[in-house]
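This report concerns only the one structure given below.
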Amino acid sequence: MTVIVDWIPLNDPENPQNWPTSKKLLTACQIYVYTFAVYMGGAIFSASEGGIRDEYGVNHIVSGLGFALYLVGYGVGPLVFSPISEIPTIGRNPPYIVSLLIFVILCVPTALSKSYAGLLVLRFLLGFFGSPCLATGGATLGDMFPLGKLPFAMMFWAFSMTTGPAVAPIIGGYSVVVKGWRWTSWEILWLAGPVFVFMLLFLPETNAATILHRRASRIRAHVGNEKYRSQGELEHKQTNIHDIAFETLVRPWQLMFLDPVILYVDIYSSLCYAIFYSFFESFPHVYGEVYGFSLGEQGLAFLSVTIGTVAAAIWYISYNYFIVERQIRAGTWPTPEDRLFLALFSTPLMPIGLFIFAWTSRSNVHWVVSCIGVAVNTCGLITMYQCVFLYLPLAYPQYAASLFAGNDFVRSALAGGAVLFARPLFANLGVDKGVSLLGALTAGLVPGIFILYWFGDRLRARSRFASG
């Protein structure tokens, strides 16, 4: 007879949900810094593109491949690392630690590469092995924080995602002028190396199935009886390679193409993510040529992204603290669609911000006005992401890992392509018309959020994947 090993009732100290707040915060901060380092590793490469063009004799599009392939790499990675982290015998930590070690090692040949083709391969691999924070960072936070507190933890995770690309051009812009384009790879190493050491020493396992599996293993070893098993072990024994391959390679696309809600969210979030990166390609023209900023000063313009993120964090956290939590304490639990309420106001901010940037980026308008446009766009983007990325796992809880893996891949692949076509787009149409086109694309999909908010419950009732 099998004996199921489970949590001690009421307040098991090994259950991540019951950890002291200090331990939860220390663990979460490691994920935040890890995420910051990986996202900075992508954007900082843009400061090196001028030096790459000079050394290898390539054009603007080809020099942008290093950035684009990094984005594609951390879009492909979640398809592999996300299902691995759910296996009870493995858990979250081995994918984090092993991949981050490889990431740190790869920074060295990237900085020393003599071949541009080799440099591109290394940049893709850096993105791929940096992706576990993207694949399972949210899952780690969900392991520790109850649903009522999870939005706060997720917002700080989103903050680390956007401040990485915002700070990277500042650091890279000033250092490349003095030390050359290869210096950005060393800077990634100096940041990611200490993060790896700290995580190796202090990051606890958070996957409940893995913790219970280890508990069952200890009990079996102690009593010498093989009947003690965790529920995760029993379920994993019934899972074969075919099942894992299906969940990794087929399930994300099945969800996307057979459910219109998921398809819309993936298209909309991917388009916004691609635009977020592509219109940054206009910064060298606007702040370099129009306003005469140096390379380092151009990087400072990216601080408007951080300002927009801070505004989004204050807005989103205040709403959840003063309104949502008050409803929960009163006994009213929000529906998945209720989590989209702020998105009704934040989604219009994205095209508004883009139009402000597009039509004020000229010499007779102060540069701060265009930066306000960037901040408005970022505020809307971050708030929208927090809403839809909380909505999806609530509406489709049993498919959360596949949902995010598929969304990550589509977002990153589209963003990788966007950074390549953005320069020709702005060169042919100009910044005003080019960014306006991006704004119009964003505005065209805004009504979908209202439809989802008003009729999402009816759509879920018809879905073969959604929970009731």
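Predicted model, so just to flag it, every value in this text is computed and none were measured.
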Taking every non-hydrogen atom, the tightest pair across [X] and [Y]:
{"X": "Met40", "Y": "Ala168", "value": "CG-CB, 3.4 Å"}
{"X": "Gly434", "Y": "Leu425", "value": "O-CD2, 4.1 Å"}
{"X": "Gly416", "Y": "Ala68", "value": "O-CB, 3.1 Å"}
{"X": "Ile382", "Y": "Ala158", "value": "CG2-CB, 4.3 Å"}
{"X": "Gly66", "Y": "Tyr116", "value": "N-OH, 4.3 Å"}
{"X": "Asp12", "Y": "Asn18", "value": "O-ND2, 3.0 Å"}

Mind checking whether [X] and [Y] have parallel, tilted or perpendicular rings, split at 30° and 60°?
{"X": "Tyr34", "Y": "Tyr96", "answer": "perpendicular"}
{"X": "Phe283", "Y": "Phe357", "answer": "parallel"}
{"X": "Tyr277", "Y": "Tyr273", "answer": "perpendicular"}
{"X": "Tyr321", "Y": "Phe152", "answer": "perpendicular"}

Does the pair Asp457/Arg460 count as a salt bridge with the N-to-O cut at 4.0 Å? no

Tell me, do [X] and [Y] make a side-chain contact under 4.5 Å, heavy atoms counted?
{"X": "Thr35", "Y": "Leu134", "answer": "no"}
{"X": "Trp333", "Y": "Leu147", "answer": "yes"}
{"X": "Leu340", "Y": "Leu344", "answer": "no"}
{"X": "Ser269", "Y": "Arg411", "answer": "yes"}
{"X": "Ile52", "Y": "Leu119", "answer": "yes"}
{"X": "Asp259", "Y": "Tyr264", "answer": "no"}
{"X": "Tyr396", "Y": "Ser463", "answer": "yes"}
{"X": "Ser304", "Y": "Thr378", "answer": "no"}

Any donor and acceptor pair, going by atom type alone, linking the side chain of [X] with main-chain N or O of [Y] inside 3.5 Å?
{"X": "Thr163", "Y": "Ala166", "answer": "no"}
{"X": "Arg123", "Y": "Phe67", "answer": "no"}
{"X": "Tyr32", "Y": "Ala153", "answer": "yes"}
{"X": "Glu205", "Y": "Ile211", "answer": "no"}
{"X": "Arg182", "Y": "Ser113", "answer": "yes"}
{"X": "Asn207", "Y": "Arg92", "answer": "no"}
{"X": "Ser82", "Y": "Leu79", "answer": "no"}
{"X": "Lys24", "Y": "Gln17", "answer": "yes"}
{"X": "Asn377", "Y": "Gly373", "answer": "no"}
{"X": "Thr442", "Y": "Leu438", "answer": "yes"}

Please determine whether side chain to side chain donor-acceptor pair (under 3.5 Å) holds for the pair Ser48 and Thr184, giving the CA-CA distance in whole Å, both sets of side-chain angles, and the decisive distance to 0.1 Å. CA-CA 7 Å; Ser48 298; Thr184 56; 2.8 Å; yes

Distance in Å, [X] [atom1] paired with [Y] [atom2], rounded so as to fall on 0.5 Å steps:
{"X": "Ile105", "Y": "Phe129", "atom1": "CD1", "atom2": "CZ", "result": "10.0 Å"}
{"X": "Ile262", "Y": "Phe465", "atom1": "CD1", "atom2": "CZ", "result": "7.0 Å"}
{"X": "Cys371", "Y": "Ile307", "atom1": "SG", "atom2": "CD1", "result": "8.0 Å"}
{"X": "Ser270", "Y": "Tyr268", "atom1": "OG", "atom2": "OH", "result": "12.0 Å"}
{"X": "Asp143", "Y": "Asn15", "atom1": "CG", "atom2": "CG", "result": "9.5 Å"}
{"X": "Asn320", "Y": "Leu150", "atom1": "CG", "atom2": "CG", "result": "10.0 Å"}

Verdict with supporting geometry, Tyr74 and Phe81, ring-ring contact (aromatic ring centres under 6.0 Å, His included): CA-CA 10 Å; Tyr74 72 55; Phe81 293 115; over 10 Å; no

Begin with the C-alpha distance, continue with both residues' side-chain angles, and end with the deciding distance and a verdict on side-chain contact (heavy atoms from CB on, under 4.5 Å) for Phe389 and Asn407. CA-CA 10 Å; Phe389 287 167; Asn407 186 276; 3.5 Å; yes

Please determine whether the number of non-hydrogen atoms from other residues, nucleotides or ligands lying under 6.0 Å from atom CZ of Phe156 exceeds 12. no

Phe257 and Asp266: CA distance, side-chain angles, deciding distance, side-chain contact (heavy atoms from CB on, under 4.5 Å) verdict: CA-CA 10 Å; Phe257 292 115; Asp266 284 350; over 6 Å; no

Verify whether the ring centers belonging to Phe409 and Trp253 lie closer than 6.0 Å. yes

Go through the steps for Asp6 and Leu212 under the test side-chain contact (heavy atoms from CB on, under 4.5 Å), then give the verdict. CA-CA 6 Å; Asp6 206 342; Leu212 290 172; 3.9 Å; yes

Take Met350 and Phe276 through the test side-chain contact (heavy atoms from CB on, under 4.5 Å) and record every step on the way to the result. CA-CA 9 Å; Met350 287 184 281; Phe276 180 69; over 6 Å; no

